[in-house]
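Structure first, then comments.
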Amino acid sequence: MREVGFILATSFGGSFQNFLTEFQRRHHGDGTALDLAKMAIETFPSFRDEFEYEGKKVCIWKRAQILVAETWAAFYPASSTDVHPIFPGKRGPMISKLTMFADYRVPQILHHLRILSYPPSLITKLESGVYLPSGSKEELSLRVASIAAVERVRKEILGIMQAESTTTVADDAVSSVLIDFYLWDLAKKVEIGVQRIEGIETADMAPIHRTRSIWY
Ligand SMILES: Nc1nc2c(c(CN[C@H]3C=C[C@H](O)[C@@H]3O)cn2[C@@H]2O[C@H](COP(=O)(O)O)[C@@H](O)[C@H]2O)c(=O)[nH]1
C-alpha cells in the first residue's frame with residue numbers, strides 16, 4: 001500500500017483520476033481495457049502478478065485486471081450504445097480481452113459447480129487449512145485452471161448465443177469479467193447459505209485455499 005501510494009503521490013499528483021488522464025494521453029483516447037491493465041502492471045510493481053513455472057512465464061495480473069474491470073463497471077454508461085467515458089476510442093473497452101481475476105473465491109465455486117475437479121490430496125490440504133505457498137504448483141494450478149475454466153464457460157455461452165442468433169455474435173458479447181463478477185457473488189451467497197445451487201449435481205463446497213501473498 002505504501003509503494004502504490006508513493007507512486008501515485010509522486011507520479012500522478014496523488015490521484016487515480018490523473019492516472020486515467022495519463023492513460024488517455026498515452027493512447028490518444030483510444031486505449032482499451034487491456035492497455036489500461038498493462039499500464040497498471042508497468043506502473044505499480046505490486047500489480048505485476050507474474051511467475052516462472054517450468055521455464056515458462058505465467059502472467060496472472062489479478063489486481064491489475066480487477067482494477068480495470070471495476071473502473072469499467074463503475075463508469076459503464078446508461079446505455080450500452082453510449083461511448084464509455086474511460087475507453088472512448090473507436091475500439092471501445094474490448095473488455096472480453098481481460099481474463100477473470102484469479103484468487104481464491106472463484107476456484108472454490110467452480111469446484112462446487114463441478115467445472116473444476118480437485119484431486120483428493122488437494123481436498124485434504126484445503127480441509128486442513130494448511131497454507132499453499134505463493135507460486136507453488138498447487139496454488140498456481142488453482143488460479144490458472146480457474147482462468148482456463150472461465151474462458152471455456154465464455155466460449156460455451158458464445159456458442160449458445162450464436163446458435164440462437166441469425167446474425168454473427170461478436171466475440172465481445174460475453175466477457176470473462178462479467179462471468180467472474182457473477183461467480184464471485186454466487187460463491188459468497190452459497191458460502192453464507194443464502195443461495196443453493198439447484199437442478200445440477202454439485203460437489204461438496206471445499207474451503208478456500210489459503211495463501212499469504214500480496215497478489216490477491
Ligand atoms: N475474483 C474476484 N475477486 C473479488 C471480487 C470482489 C468484489 N467485486 C464486486 C464487484 C462486482 C461484483 O458484483 C462484486 O460485488 C472482491 N474480490 C476479491 O476478494 C477479496 C476480498 O474482497 P472483499 O470481500 O471486498 O474485502 C479481495 O482479494 C478482492 O480483490 C470479484 O468480483 N471477483
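Each ligand, and each atom within it, is numbered from 1 in the order the structure gives.
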Suppose we screen for salt bridge (Lys or Arg N to Asp or Glu O under 4.0 Å). Which residues come up paired with Lys97, at least two apart in sequence or across chains?
none

Taking Ile208's backbone N and O only, do any of them form a donor-acceptor pair with Arg105's side chain (distance below 3.5 Å, no angle check)?
no

Tyr182 heavy atom under 4.0 Å from ligand 1:
no

Parallel, tilted or perpendicular, judged at 30° and 60°: which one describes the rings of Tyr104 and His209?
perpendicular

Write out the residue and atom name of the closest protein heavy atom to atom 21 (C) of ligand 1, then the distance separating them to 0.1 Å.
Tyr104 OH, 3.4 Å

Are any non-hydrogen protein atoms located under 4.0 Å from atom 13 (O) of ligand 1?
yes

Cationic N near anionic O, under 4.0 Å, Lys62 to Asp103
yes

Any N or O of Phe101 closer than 3.5 Å to N or O of ligand 1:
yes

Looking only at protein heavy atoms, which one is nearest to atom 31 (C) of ligand 1, and what is the separation?
Trp184 CG, 3.4 Å

What distance separates Glu22 CD from Thr43 OG1, expressed to the nearest 0.5 Å?
8.5 Å

same_hphob_cluster(Ile214, Phe101) at 4.5 Å side-chain heavy-atom cutoff
no

When you measure from the side chain of His111 to the backbone N and O of Ser117, does any donor-acceptor pair fall under 3.5 Å?
no

Closest to atom 33 (N) of ligand 1 among protein heavy atoms sits Asp180 OD1, 2.6 Å

Give me the nearest non-hydrogen protein atom to atom 11 (C) of ligand 1 as residue plus atom name, then the distance to 0.1 Å.
Phe181 CD2, 3.5 Å

Close approach of Met100 to ligand 1, heavy atoms, under 4.0 angstrom
no

For Glu42, side-chain contact (heavy atoms from CB on, under 4.5 Å) partners two or more places apart:
Lys38

Test item, Arg63 contacting ligand 1 (heavy atom, 4.0 angstrom):
no

Under 4.0 Å from any heavy atom of Tyr216, which atoms of ligand 1 are there?
28 (O)

Strictly inside 4.0 angstrom of atom 23 (P) of ligand 1, do you find any protein heavy atom?
no

Heavy-atom proximity to atom 18 (C) of ligand 1, picking from Leu178, Asp103, Val150, points to Asp103

Have a look at ligand 1 and work out which part of Lys188, if any, has a heavy atom under 4.0 Å from it: side chain, backbone, both or neither.
side chain

Note: Lys62, heavy atoms under 4.0 Å from ligand 1, region reported as side chain

Tell me whether the rings of Phe19 and Phe44 are parallel (<30°), tilted (30 to 60°) or perpendicular (>60°).
tilted

So which heavy atom in the protein is nearest atom 15 (O) of ligand 1, and how far is it from that ligand atom?
Asp185 OD1, 3.4 Å

Nearest non-hydrogen protein atom, atom 8 (N) of ligand 1
Glu70 OE2, 3.2 Å

Let me check something: do Met94 and Ile41 share a hydrophobic cluster, defined by ILVMFWY side-chain heavy atoms less than 4.5 Å apart, either directly or through other members?
no

